[in-house]
Protein chains: 2
Amino acid sequence: MPQPGQRSTAGRDEILAAATDLFAESGYDAVSIQAIACRAGTSKANVFHHFRSKEALYLEVMRAACSRFAAASELADRGAEHRYTEGIVDFLRADFVQLRADPVHAHLILREVLESGPGRGQALARDVFDDHFRLVVDLFREGQAAGVLADDVVPEAAAVMMIAAGVFSFQSRHVLRHLPGVDFIDDVDRYGDTMGRILLNGMRARTRQPGQDES
Amino acid sequence: MPQPGQRSTAGRDEILAAATDLFAESGYDAVSIQAIACRAGTSKANVFHHFRSKEALYLEVMRAACSRFAAASELADRGAEHRYTEGIVDFLRADFVQLRADPVHAHLILREVLESGPGRGQALARDVFDDHFRLVVDLFREGQAAGVLADDVVPEAAAVMMIAAGVFSFQSRHVLRHLPGVDFIDDVDRYGDTMGRILLNGMRARTRQPGQDES
DNA sequence: CTGCGCCTTGACCGGACGGTCGGTCGGGGG
DNA sequence: CCCCCGACCGACCGTCCGGTCAAGGCGCAG
């Protein structure tokens, strides 16, 4: 916060960064323009000089977050290209590190996607979510076409489960971390591989038919 | 809304119900006492007559939601008691129907648990989450002790994955429902059983050793 | 019928909100 | 050199927030 009489050097970028942090932390309604200006080291009026309104500022924050994650998704997809089962584990790992590498933007997008009511940036966030989902579904479909994965499993269901594993472990990491026996939650190698193994074994072609239920 | 001169009959319960719906829909900050009073068909002052403050009202709402879900968890646990693998599928299904049977309270609790910042009812919500988590972990441990499930999988990791499957499919149902091929998201029989099957096959004892990586 | 509590009410409060405005400042171009 | 323009500021506006309060109507005991 600048002393009275001094001028700050805070421009668009500083304001945008401050807004990103605060919005991610507490959500749209709980954050005031004053708080954003204060963290950016500038005045409230200056925020309105750079952004038309609070909603416009929020939308700008969301747009940045979305473009960042869309790019990361594409990268993960290219890395896992045409390797079927191993690609699925790689993709899961990529999800893990992606979320943890940029938890602020991740939280922003996830809140917008998973909140039920009509949100301000929902359209933006859902687009990147949809793209990601389609990528995962295609991966499972490839595995089934190659005969590696059981084809009696709806690939969309498997995709939901895989994304769930990544997203939920990220969302709930602060709760789980303090539970006994759950020190693995940020360890991509330990937890991510365990998940990948379970998911892959569970879907492997012809391992077991439904209907059997004896131990 | 009552006409001027008329009196409303809205008591504690109506106000609590209105507050529950609105808080679940939009979160604490986005809901005003006026809005709650209006939906309950009474005046703002009357809300303060029945509840000390906005926070006290919110806490009451959270307490009701938590006790409801704690009871449901216990019920599901007793229903699945001592049946190991089949019990796990039953528990997963119970989670599914529990969340979908009371989506309003479910959303309230989940938001409080999964939000990172210090929330108002976080302590309450995390308690029921912890209890639920411990129940699932115990279930997996029993399965391992009985030799049905692979004992080289950390039971806590499996529990995270199972709860993730249930919670995430519930959280994201509004997004997923409109995606092609994802019409199963509210179908407990179809999606729940698929998930249970994948999870169970993936964890079955001695199906495969880690280290193998051929398709 | 009278008097007495208990609800419920509209009016009201201080304060914080999103947003506007007049004006100051400093650096780059004629 | 000056002047112009975008960045920036303090002060301010109307609104709405959470919360308070005195007054009035209703049910009930006497």
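In what follows, chains carry the letters A, B, and so on, assigned in the order in which the sequence lines appear, proteins first and then strands, with residues in each chain numbered from 1.
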By nearest atom, which of the nucleotides [options] is closest to the [X] side chain?
| X | options | answer |
| --- | --- | --- |
| H50(B) | dT8(C), dG18(D), dC8(D) | dT8(C) |
| S53(B) | dA7(D), dG19(D), dC21(D) | dG19(D) |
| N46(A) | dG18(D), dC8(D), dC21(C) | dC8(D) |
| I33(B) | dG18(D), dT9(C), dA7(D) | dG18(D) |
| K44(B) | dT9(C), dG18(D), dC17(C) | dG18(D) |
| H49(B) | dT9(C), dT20(C), dT8(C) | dT8(C) |
| K54(B) | dG19(D), dG10(D), dG10(C) | dG19(D) |
| S43(B) | dG19(D), dC12(D), dT9(C) | dT9(C) |

How many Å lie between [atom1] on [X] and [atom2] on [N], as a whole number?
| X | N | atom1 | atom2 | result |
| --- | --- | --- | --- | --- |
| D29(B) | dC16(D) | CG | C1' | 15 Å |
| E55(A) | dC17(C) | CD | C1' | 16 Å |
| F48(A) | dA11(D) | CZ | C1' | 15 Å |
| R120(B) | dG18(D) | CZ | P | 11 Å |
| E14(A) | dA7(D) | CD | C1' | 12 Å |
| I36(B) | dC17(D) | CD1 | C1' | 12 Å |
| Y58(B) | dC17(D) | OH | C1' | 18 Å |

(message) So V47(A), base contact, sugar-phosphate only, or nothing? Heavy-atom distance under 4.0 Å.
(response)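 Answer is nothing: V47(A) stays at 4.0 Å or more from every strand.
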(request) Respond yes when some side-chain nitrogen or oxygen of S32(B) is under 4.0 Å from OP1 or OP2 of dC17(D), and no when none is. (result)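 For S32(B), the contact criterion (side-chain N or O under 4.0 Å from OP1 or OP2 of dC17(D)) is met.
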(message) Distance to the ring centre below 6.0 angstrom and angle to the axis at most 45 degrees; does that hold for R173(B) and F170(B)?
(response)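 Judged by the rule (NZ or CZ under 6.0 Å from the ring centre, within 45° of its axis), R173(B) counts as positioned above F170(B).
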(request) Measure from NZ or CZ of R126(B) to the centre of the six-membered ring of F129(B) and say whether it is under 6.0 Å with the direction within 45° of the ring axis. (result) no
(message) With nearest nucleotide decided by heavy atoms, which residue, R52(A) or Q34(A), maps closer to the 5′ end of DNA chain C?
(response)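 Result of the comparison: Q34(A).
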(request) Go through D138(A) and R141(A) one step at a time and tell me if the side chain to side chain contact (heavy atoms under 4.5 Å, CB included) criterion holds. (result) CA-CA 5 Å; D138(A) 286 348; R141(A) 260 205 259 273; 4.2 Å; yes
(request) If the plane angle is over 60° it's perpendicular, under 30° parallel, otherwise tilted; pick one for Y58(B) and F23(B). (result)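 Geometry flag for F23(B) against Y58(B): perpendicular rings.
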(request) Identify whether the distance between the nearest side-chain nitrogen and carboxylate oxygen of R111(B) and E115(A) falls below 4.0 Å. (result)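 Judged by the 4.0 Å cut-off on N to carboxylate O distance, R111(B) and E115(A) do form a salt bridge.
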